[in-house]
Amino acid sequence: MIGPFDPENSEGGGSTGYTVGGIGWYRKHFTLPDTDGEGDLHHELRFDGVYQNADVWLNGVHVGFHPYGYTSFAYDLTPHVKRRGTNVLAVRVDNTGRNSRWYSGSGIYRHTWLTTTGPVRIPLWGVHVSTPVVGERRSVARVEVSLANLGEHPSSASVRVSVRDPRGRVVATARKPARDLAPGTTATARLDLPIRRPELWSMDAPNLYSAHTEVLVGGRAVDTLTTTFGIRSLVWNGEAGFLLNGEPVEIMGGNVHHDHGPLGAVALDRSEERRVEILKEAGFNSIRTAHNPPTPALLDACDRLGMLVMDEIFDVWDTGKNPQDYSVHFAEWWERDLRGTVLRDRNHPSVVMWSLGNEITDHTNGHRGAEMAQALRSLDRTRPITLGGGSTHSANDPSWDYVDVGDVHYNANGKTYGPMHEAHPDKAMTHNETFPATIHQDITFAAEHTWATGTWIWAAWDYLGEAGIGKTAIPPVGTAETIGDQSVMPGWSISRELHHTWGGFGYPYPYFQANCGDFDLIGQRKPQSHWRAAVTGRSPVELLVERPTPPGTEQVALWWGYYDELESWTWDVEPGTPMTVHVCTPGDSARLLLGGKAVPGGAARAPERSVATFTVPYEPGELTAVASRNGREIGRKTLTTVGAPAALRLVPDVTDLTTGRDDLAHVLVEVIDRHGRPVPDATLEVTFEVTGAGELAGVGNGNPHNVDSFRQPRRHTWHGKALAILRPAKRPGRLTLTAKASGLRPATVTLPVGRPR
């Protein structure tokens, strides 16, 4: 057993990354503030996520059970709480059995909140802001406010709403007259607030407004809530595809599981924000929350940064994919979980589509899906509904009757995609799972067909579990062939081959992660990200070199796998060794130079699917790729042979920290030579020492089979890099990280920790 890994006792095995579940208990002792003279108070406990099967007690009284590990839920503690003295909150979490297809984490891994109000209040998720009128000169913010009277006496309450623009200026106000509320009842007030010359929300300009809602009793505010929203319009159909504010958008999306690598499943706000920042910088404009509702912090980050979201609710319905998964509870719980997700997330402008599930097996001939779609539309009609992979199999799949947008998985060149659209020409379609090995085909097809609104790669970011599905295929030379735009081994079924030579679900330990992302487990670019940059035209030229394979074998990009290659011309091989070099470019010609001169095998050639492949005899020096279009150079890139490791370098992603415990610093560790150049494939053990106002929250690297602990103050580098994550203390001061490796010059970084801004 190493860190969280235990291959002998992991019930999920490779699917859950050889991690171990079990039963865990939490207890918290707390006292309420002195509330004498404040009247009838009500206390609500909310969990943003507990994995899974959570039982909650307060002072020995069972207040509730919640099975689904990804949805938020809340309990009224008022009948059982002690106004004076100590309260004891207990939570039992049961993550046993085979219940997930990926690493889920265990326990209370998202935020927990205690809210205290008077008897007249806005219930949980009781404010809904929509924009039924969107225009450059005038828009309308529609604010629907639920009012609940939890007290024992009638009350009369009014609602006042003020809207602030992105700079905090009040631009609209409205008030709804008082209405009577009987004890134990809930009413709804609707207010339409016109906004002149609105600043629309988009990916390039994520302008956010806020609606400040006040509930007034006797002229006094008894409850307030501020709701962030964006003004934007959505159109999805088979003719226009996808329009945001009337402008066409081609989805460049990525599937993202919920874990954060070295931190496991724990969801801290800065982790979510950093991932969105990195993906957006790489050209992604959309995230699919595969395959469950995300944390509120992720959606907040997507709102602020301008990232679109496909909000997916379930991975299973009535028919399970594991013996103890959510299907056991689905019939009884789906409506509550769907309702909670939609009410919680519907104010986020980043959410542009709902997905009822992923690759669902439905034995109800579409009745269950239609029932769910109807329930969702009763809560939100401003966004379309899809079903991930729901229409993959045929044009007459029952899901076509209730989805607004069709979807397929893994259909390079639209072999089934196209015929489905012909059968349902009024509906836009998405391709929300695609292979790294078919990036060019998939992006090109979507660009050529308006109704094909884009692609979501599986996956945008490496994740724990589904061990080894992205393992690079290394078959004997000449035994792979291309069938249907995919390299395959003749005579081998996918299932047999995936479980042996070429990786797959449950690939043997020590593989513990999928290894199929555009970014690795610590947020560093992988080869397919470089190819994507060329395919989309974001980069004029990218240069990568394959890692040499054993004699008689070759690398093959297959399914979720891609080439094992680096931006490196530093290799421990004999001079003259033939090296396979890929030049990725949107140009029409590419050539190679070594030391500024043409080399054998480096003559200009036309890229195929934005990649030109060369075989170059290895010789230390400078390898340069030159890309051209129509005879004119559009870019060049050079890789230089570097020296031996000489020192460490620390690169934090922030310059300072606050005392908020959701804040983090992700510090990249680089191995460099004596000239300060990164050593591309250095594997060295680095030790960490943290002093001052904070702690070491986790360490990691991108290695898919390095099963060291994420919590110990040491880690090996992978491709010359590792990551240390710092979490600040609750007090101001200075936080210092020192990294050391045997024989290298150490590195130190110090960050100030101040009060929250």
Side-chain angles (χ1 to χ4, degrees), residues 250-257 260-261 274-288 290 305 307 431 433-444 446 454-463 469-472 513-547 555 557-568 581-586 590 607 609-613 625 627 635 637 639 651 653 666 668 670 678 680-681 700-704 718-721 723:
E250 193 69 34
I251 295 291
M252 186 61 62
N255 287 272
V256 175
H257 271 315
H260 287 281
R274 172 181 178 257
R275 179 148 59 188
V276 177
E277 289 173 349
I278 290 172
L279 291 178
K280 184 163 177 125
E281 177 66 23
F284 285 96
N285 62 17
S286 180
I287 287 174
R288 177 189 180 209
L305 298 172
M307 179 71 78
H431 192 180
E433 287 188 27
T434 63
F435 291 122
T438 59
I439 286 174
H440 183 276
Q441 299 96 300
D442 298 324
I443 290 176
T444 300
T455 66
W456 282 263
I457 190 71
W458 194 275
W461 199 283
D462 279 345
Y463 55 95
I469 67 169
K471 181 178 182 292
T472 301
Q513 56 152 296
N515 195 38
C516 56
D518 269 39
F519 287 84
D520 69 17
L521 210 62
I522 63 172
Q524 300 304 298
R525 289 181 75 186
K526 292 172 61 183
Q528 54 263 48
S529 174
H530 295 274
W531 184 30
R532 178 186 305 280
V535 172
T536 59
R538 288 178 61 84
S539 171
V541 61
E542 299 286 328
L543 178 57
L544 299 114
V545 181
E546 284 190 20
R547 187 182 304 280
Q555 292 194 30
L558 170 71
W559 297 311
W560 297 278
Y562 195 68
Y563 300 108
D564 178 8
E565 55 189 6
L566 296 174
E567 286 188 292
S568 172
V581 179
H582 291 148
V583 179
C584 306
T585 177
R609 293 175 177 166
S610 300
V611 179
T613 302
K637 193 156 201 174
L639 302 177
V651 184
D653 66 332
H666 300 78
L668 184 67
E670 293 182 307
D681 213 14
N701 60 34
N703 190 333
W718 168 254
H719 295 163
K721 298 175 182 179
L723 186 73

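Quick note: numbers below take in every heavy atom, side chains included, and nothing from hydrogens, waters or symmetry partners.
- Proximity of a side-chain donor or acceptor of K721 to a complementary backbone N or O of Q524 within less than 3.5 Å is not detected.
- A donor-acceptor contact under 3.5 angstrom links the side chains of E565 and H582, judged on distance only.
- Between I251 and N285, the closest side-chain pair of non-hydrogen atoms falls below 4.5 Å.
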Full working for side chain to side chain contact (heavy atoms under 4.5 Å, CB included) between F284 and I457: CA-CA 10 Å; F284 285 96; I457 190 71; 3.8 Å; yes

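- Judged by distance alone, with hydrogens and angles left aside, the side-chain atoms of S610 form no donor-acceptor pair with the main-chain N or O of C584 at under 3.5 Å.
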ring-ring contact (aromatic ring centres under 6.0 Å, His included) between Y562 and W531, worked out: CA-CA 11 Å; Y562 195 68; W531 184 30; 5.6 Å; yes

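- Taken from CD1 in I443 to OG1 in T455, the straight-line distance is 5.0 Å, to the nearest 0.5 Å.
- One finds the CD1 atom of I522 at 10.5 Å from the CG atom of N703 (value rounded to the nearest 0.5 Å).
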H260 and R274: CA distance, side-chain angles, deciding distance, side chain to side chain contact (heavy atoms under 4.5 Å, CB included) verdict: CA-CA 10 Å; H260 287 281; R274 172 181 178 257; over 6 Å; no

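- The shortest heavy-atom contact between P586 and P540 is CD-O, 3.4 Å.
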Intermediate values then yes/no, ring-ring contact (aromatic ring centres under 6.0 Å, His included), F435 and W458: CA-CA 6 Å; F435 291 122; W458 194 275; over 10 Å; no

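- When every heavy atom of L639 is checked against every heavy atom of S568, the shortest pair comes out as CD1-N, 3.4 Å.
- In this structure, CG on L566 lies 9.0 Å from NE2 on H530, to the nearest 0.5 angstrom.
- Within the structure, salt bridge (Lys or Arg N to Asp or Glu O under 4.0 Å) pairs that include any residue of residues 522-544 comprise D462-K526, D518-R532, E542-K637 (at least two apart or interchain).
- At least one donor-acceptor pair under 3.5 Å links the side chain of Q528 to the backbone N or O of G517.
- Without hydrogens or angle criteria, Q555 side chain to R547 main chain gives a donor-acceptor distance under 3.5 Å.
- Here E670 pairs with R649 under the salt bridge (charged side-chain N to carboxylate O under 4.0 Å, His left out) rule; sequence neighbours left out.
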Side chain to side chain contact (heavy atoms under 4.5 Å, CB included) between V583 and V541, intermediate numbers included: CA-CA 7 Å; V583 179; V541 61; 3.8 Å; yes

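- By the side-chain hydrogen bond (donor to acceptor under 3.5 Å, both in side chains) test, H666 is found to be paired with D653, residues two or more places apart in sequence or in another chain being considered.
- Across all non-hydrogen atoms, the minimal contact from S286 to W456 is OG-NE1, 3.1 Å.
- Closest non-hydrogen pair, G561 versus A437, comes out as O-CB, 4.0 Å.
- Nearest approach of W718 to G702, heavy atoms of both residues: CD1-C, 3.3 Å.
- Taking the side chain as every heavy atom from C-beta outward, F519 and I278 approach each other to under 4.5 Å.
- Between the CG atom of L521 and the OH atom of Y463 there is a distance of 11.5 Å, given to the nearest 0.5 Å.
- Atom OG1 of T536 and atom NE2 of H440 lie 10.5 Å apart (nearest 0.5 Å).
- Scanning all heavy atoms of the two residues, the minimum distance from C516 to G470 falls at CB-CA, 4.0 Å.
- With values rounded to the nearest 0.5 angstrom, D442 atom CG is found 12.0 Å from E433 atom CD.
- T444 places none of its side-chain heavy atoms less than 4.5 Å from the side chain of R609.
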